[in-house]
Amino acid sequence: MTINFTESEERRALRKAVSDMARKYGHQYFTAKARAGEKTDELWAEAGKLGYLGVAVPEEYGGGGGGIGDLAAVCEELSAAGCPLLLTVVSPAICATVIARFGTAEQKQRWLPGFADGTTKMAFAITEPDAGSNSHKLTTAIHRDGDEWVLNGGKYYISGVDEAEAVLVVARHVDATGQRLLPSLMIVPTNAPGFTYQHIPMEVLSPEKQFTCFFDDVRLPLDALVGTEDAGLAQLFAGLNPERIMAASLATGMARRALDQASEYARTRAVWDTPIGAHQGIAHPLAQCAIQVELARLMTQKAAALYDAGEDRAAGEAANMAKYAAGEAVAGAVDQAIQVHGGNGLSSEYGLGALLAASRLSRIAPVSREMILNFVAQHTLKLPRSY
């Protein structure tokens, strides 16, 4: 395949339109909503109405018919404008992608129009307390009982359950002897009897909350299953590669915002009659951060192009690298931006302190930097598996 390193005119126009809209809201709006315990409903609704959240949904269901690269551009520009909407990584990227690729005609008609216009939000649940990064140890189980599925188990660190209509749950099939079989994806309404969830208090300042989910004999219709019972991890990773691409875009957007703010401050803040940005002790670290951010953006562009071309294996390698690079870049950029601001870097007025925990999270979720290094060592460098 050929990767064009110059974005199309349509992609650039999309970026500008999203940026212009998001900056009407901006960081102050986002943090005010978070501190008040409120949601960014107005921003989400406008982004959905204008078609930005549905750019990657097929046209026949009301979407833009674009690829994950277009949705990643939307995510990055929202983040760069001070509004890093975590659910863009989950709902339109993971859930809509999985349903579009593997759902039945009825499932697509039921869910995709809502993803396209932003009126539907769906959470995604894979992480379990005892499994961590090891998806092979998942214990949440699904078994068939007549004309229903019965779901039991639990998940944690699941984003946005309180504002989602349903959750796409990864669960393992269990046979009559109790033997755990392959994992599948189930659509579970958040109001289903037996489904409860509890808020996990976090130091990350965000309107989108984290939850522990409990499934106690949750009964689901047979059409709750997305795809086939025996597809295993193949269907799952069709959603996880977009997740990594979107997480990288969320991170590079935050990094751009931090660098823009730090550069503006360094240009205008004068001590001893000279702007502090004239000093190499300030300028060079910011320049290094800018280089790392652009490298991460480039790898994210490559990952999205590979995914949209249907090259899933190559896209998985690039998406992991992009997510790693973006996590390192945003952590470095936010840290340096705070340092440039001195004491102002941790004041509420400048808002960089609120970015600190969020930027650090990019090195952990949705997959840790250490697991990415394991992946690259094993699959790229062909080294012996270490775990």
Side-chain angles (χ1 to χ4, degrees), residues 1-8 10-12 14-15 54-61 63-76 88-90 92-103 108 112 115 124 126 133 135 168 170 182-183 185 226-228 230-252 294-327 329 366-367 369 371-383 385:
M1 64 167 292
T2 299
I3 298 176
N4 189 343
F5 293 100
T6 301
E7 287 191 321
S8 68
E10 292 80 4
R11 177 79 61 79
R12 293 196 299 271
L14 174 64
R15 284 187 180 275
V55 291
V57 174
E59 290 183 78
E60 58 264 40
Y61 299 101
I68 195 65
D70 298 309
L71 187 58
V74 171
C75 178
E76 184 183 351
T88 60
V89 178
V90 177
I94 303 174
C95 300
T97 296
V98 167
I99 292 173
R101 286 188 65 171
F102 302 109
K108 292 176 183 179
L112 292 181
F115 287 125
F124 176 71
I126 182 172
S133 299
S135 57
L168 188 62
V170 182
L182 293 170
L185 295 153
V226 179
T228 61
D230 58 356
L233 294 176
Q235 288 181 175
L236 175 59
F237 280 96
L240 294 186
N241 285 336
E243 178 189 43
R244 283 149 175 68
I245 292 167
M246 292 290 285
S249 295
L250 192 81
T252 55
E294 286 306 307
L295 290 173
R297 295 182 74 203
L298 186 60
M299 181 54 79
T300 305
Q301 182 181 349
K302 177 181 179 180
L306 288 167
Y307 185 84
D308 288 336
E311 299 189 28
D312 286 350
R313 182 174 293 275
E317 179 181 48
N320 275 289
M321 289 182 174
K323 193 275 172 185
Y324 177 95
V367 60
R369 63 192 298 273
M371 284 306 298
I372 292 176
L373 292 174
N374 283 338
F375 178 92
V376 172
Q378 179 183 347
H379 295 280
T380 304
L381 303 178
K382 311 301 181 186
L383 297 177
R385 182 169 175 161

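Residue numbers count from 1 along this sequence.
In this structure the side chain of V170 reaches within 4.5 angstrom of the side chain of F124, judged on heavy atoms. At a threshold of 4.5 Å between non-hydrogen side-chain atoms, the residues V226 and Q235 do not count as touching. Residues F115 and I99 have side chains in contact (heavy-atom distance under 4.5 Å, counting atoms from C-beta outward). The shortest side-chain heavy-atom distance between E76 and R297 falls under the 4.5 Å cut-off. Taking 4.5 Å as the limit, every side-chain heavy atom of R244 sits out of range of all side-chain heavy atoms of I372.
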ask   = What's the verdict on salt bridge (Lys or Arg N to Asp or Glu O under 4.0 Å) for E60 and K108, showing C-alpha distance, side-chain angles and the deciding distance?
value = CA-CA 10 Å; E60 58 264 40; K108 292 176 183 179; over 6 Å; no
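For the residue pair N241 and A319, the shortest heavy atom distance occurs at O-CB, 3.9 Å. The two residues A315 and A303 come nearest to each other via the heavy atoms CB-O, 4.0 Å. Closest heavy-atom contact between A93 and M246: CB-CG, 3.5 Å. Scanning all heavy atoms of the two residues, the minimum distance from A296 to T252 falls at CB-CG2, 3.9 Å. Taking every heavy atom of both residues into account, K323 and A247 meet most closely at CG-CB, 4.3 Å. Closest of all the heavy-atom pairs between A322 and A248 is O-CB, 3.7 Å.
Screening Q301, R12, R15 for a side chain to side chain donor-acceptor pair (under 3.5 Å) with E7, the sole residue that qualifies is R15. For the side-chain contact (heavy atoms from CB on, under 4.5 Å) with S249, the lone residue among T300, V74, I68 that qualifies is T300.
S8 contributes atom OG, which lies 8.5 Å from atom CG of L14 (distance to the nearest 0.5 angstrom). Here the CG-CD1 distance, from L240 to I245, works out to 11.0 Å after rounding to the nearest 0.5 Å. Interatomic distance, CG of L236 versus CG of L182, reported as 11.5 Å (0.5 Å rounding). To the nearest 0.5 Å, atoms CG (L306) and CD (E317) are separated by 9.0 Å. To the nearest 0.5 Å, atoms CE (M321) and CG (L373) are separated by 10.0 Å.
Put simply, the side chain of D308 gets close to the backbone of G69: a donor and an acceptor are under 3.5 Å apart.
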